[in-house]
Amino acid sequence: MDANSYNIDGHKLNLHPERVSRWLQGESIYPIYMEFSPSGTCNHRCVFCSMDFMGYKKRFLDADVVCRRLRECGELGVRSVMFAGEGEPLLHKEICRMAQAASEAGIDVAFTTNGVLLDEERAARLLPITSWIKVSCNAATEEEYARVHRTAPEDFSRAIRNIERAAAIRARNGYACTLGFQCILLPEYAANMPKLARRAREAGADYLVVKPYTHSPLSLHNPFGDLQYGDYAELEAALRAEESDDFRIIFRREAMQRWNDKKAAFDRCLALPFWAYVDSGANVWGCLRHLKEDDFLYGNLNEQSFSEIWQGEKRLSAVRRCEEGLDISECHVTCRMELVNNYLWRLRHPHPHDNFI
């Protein structure tokens, strides 16, 4: 598949015109995409972790509740779920059952994971029902990996081997699940990125994403806040030399430029109706930037159905406040919803020449 087909450095909301049209007409719509955090804790402590403020709590979603809510979400029109969040999703003992429930509800399933726990049993259960699995691997050697992920050096080789095994299972059974790696580009470790690309290709992955550092204003640390991305043309060329017919490099130049500029092309956040975040305590939030702020806490899935939460006055009033007056100057740079907001803002504020198609 061509790297552009994934559209990782862009957005895909334009492919959902019916939902967008209903939103433009003022309807209350259900989200297209949701992120679930099955585990509050993590087996790594990455130096750049933007969720450290959540405290790595040893709490886990109630699988029975989540399975019921996922069936409901499918009926309401939720189209995709990513299991990731403030912790490592594969630490949840019943993660495969929750993923199965989402799939059976007609919801596309994805994972972002460090891959260390993606053993043969989990891979065999998840690959048939999952659209993609992306492994965060932010260095190319065991020594660098241990420093960046703040874990045991052998976790690097374990993650690589797990993808090799998953790729073999996929090939043997003809599964369609895409397997990828992603890496935050930190200048200190940039020289070895082509080596990481080679390891990912040889492991059977479909792509390697190289992306900029991002920082939550809530994070307890900001070790790379002054980072500026310069000319990485030579690095990109070296990375692309590792491409093949079955392996692509997704070098997120535009996102790096947005990190450098730290400017938004919109004045208000309009994206909240299209997605939601569920933390490891089953709280439903409107925005990662405003976790722990009561105004953005819509409800709890242990106590209410998703429909009750989504159609509740608390969420509806929060969306109105955001559209009318939320200060976005301290939002995440390279927020996942940034390009979605650009698109929605332009629809709400059309250019006088837009009819000349």
Side-chain angles (χ1 to χ4, degrees), residues 30-44 51 54 56-136 158-159 162-163 165-170 172-180 275-285 299-310:
Y30 283 98
I32 295 171
Y33 162 78
M34 295 180 67
E35 181 175 334
F36 278 71
S37 180
S39 166
T41 190
C42 189
N43 52 342
H44 289 180
M51 298 293 282
M54 293 294 285
Y56 306 110
K57 298 174 184 175
K58 290 186 178 181
R59 63 179 185 177
F60 300 90
L61 290 175
D62 184 316
D64 291 335
V65 171
V66 169
C67 288
R68 290 199 303 271
R69 302 304 185 226
L70 285 169
R71 287 192 288 271
E72 179 196 7
C73 287
E75 293 171 355
L76 294 172
V78 173
R79 301 292 298 277
S80 64
V81 164
M82 180 177 71
F83 292 105
E86 71 254 30
E88 167 53 47
L90 297 183
L91 280 169
H92 197 296
K93 294 180 180 179
E94 297 190 83
I95 187 61
C96 295
R97 182 159 73 94
M98 292 188 290
Q100 183 72 41
S103 177
E104 291 175 354
I107 300 172
D108 294 342
V109 177
F111 281 84
T112 296
T113 169
N114 58 44
V116 173
L117 299 174
L118 187 64
D119 57 20
E120 188 168 6
E121 179 185 357
R122 291 187 181 92
R125 294 181 64 183
L126 293 175
L127 287 169
I129 60 173
T130 302
S131 296
W132 53 262
I133 298 173
K134 192 182 299 176
V135 172
S136 294
R158 187 174 292 119
N162 285 345
I163 289 297
R165 190 159 39 221
I169 294 171
R170 178 180 66 174
R172 191 161 57 243
N173 293 279
Y175 297 143
C177 179
T178 299
L179 299 171
W275 87 290
Y277 175 74
V278 180
D279 71 17
S280 58
N283 297 301
V284 181
W285 298 89
N300 188 285
L301 292 177
N302 292 330
E303 301 166 359
Q304 296 173 281
S305 71
F306 184 68
S307 179
E308 290 171 332
I309 292 171
W310 201 254

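Throughout, residue positions are numbered sequentially from 1 according to the sequence presented.
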* Residues in side-chain hydrogen bond (donor to acceptor under 3.5 Å, both in side chains) with Arg68, at least two apart? -> none
* **Results of ring pair (Phe, Tyr, Trp, His ring centres under 6.0 Å) for Tyr56 - residues two or more places apart only** => none
* **Pairs flagged by salt bridge (Lys or Arg N to Asp or Glu O under 4.0 Å) wherever residues 70-90 is involved - sequence neighbours left out** => Arg59-Glu86
* Are any side-chain N or O atoms of Thr130 and backbone N or O atoms of Trp132, one a donor and one an acceptor, separated by less than 3.5 Å? -> no
* Indicate the ring-plane relationship of Trp310 and Tyr30, choosing parallel, tilted or perpendicular according to the 30° and 60° boundaries. => parallel
* Asked: Can you check whether Leu126 reaches Cys96 side chain to side chain, under 4.5 Å on heavy atoms?
  -> yes
* What ring pair (Phe, Tyr, Trp, His ring centres under 6.0 Å) pairs are there with at least one residue in residues 60-88, not counting sequence neighbours? -> Phe60-His92, Phe83-Phe111
* Asked: Phe36: what forms a ring pair (Phe, Tyr, Trp, His ring centres under 6.0 Å) with it, not counting sequence neighbours?
  -> none
* Asked: Tell me, do Val65 and Asn302 make a side-chain contact under 4.5 Å, heavy atoms counted?
  -> yes
Only pairs under 3.5 Å count here: list side-chain donor-acceptor contacts from residues 98-105, not counting sequence neighbours, and write none if there are none.
residue, atom, partner, partner atom, Å
Gln100, NE2, Glu104, OE2, 3.0

* 4.5 Å side-chain heavy-atom contact, Ile169 and Arg172 -> yes
* Does a side-chain heavy-atom distance below 4.5 Å link Leu127 with Asn173? -> no
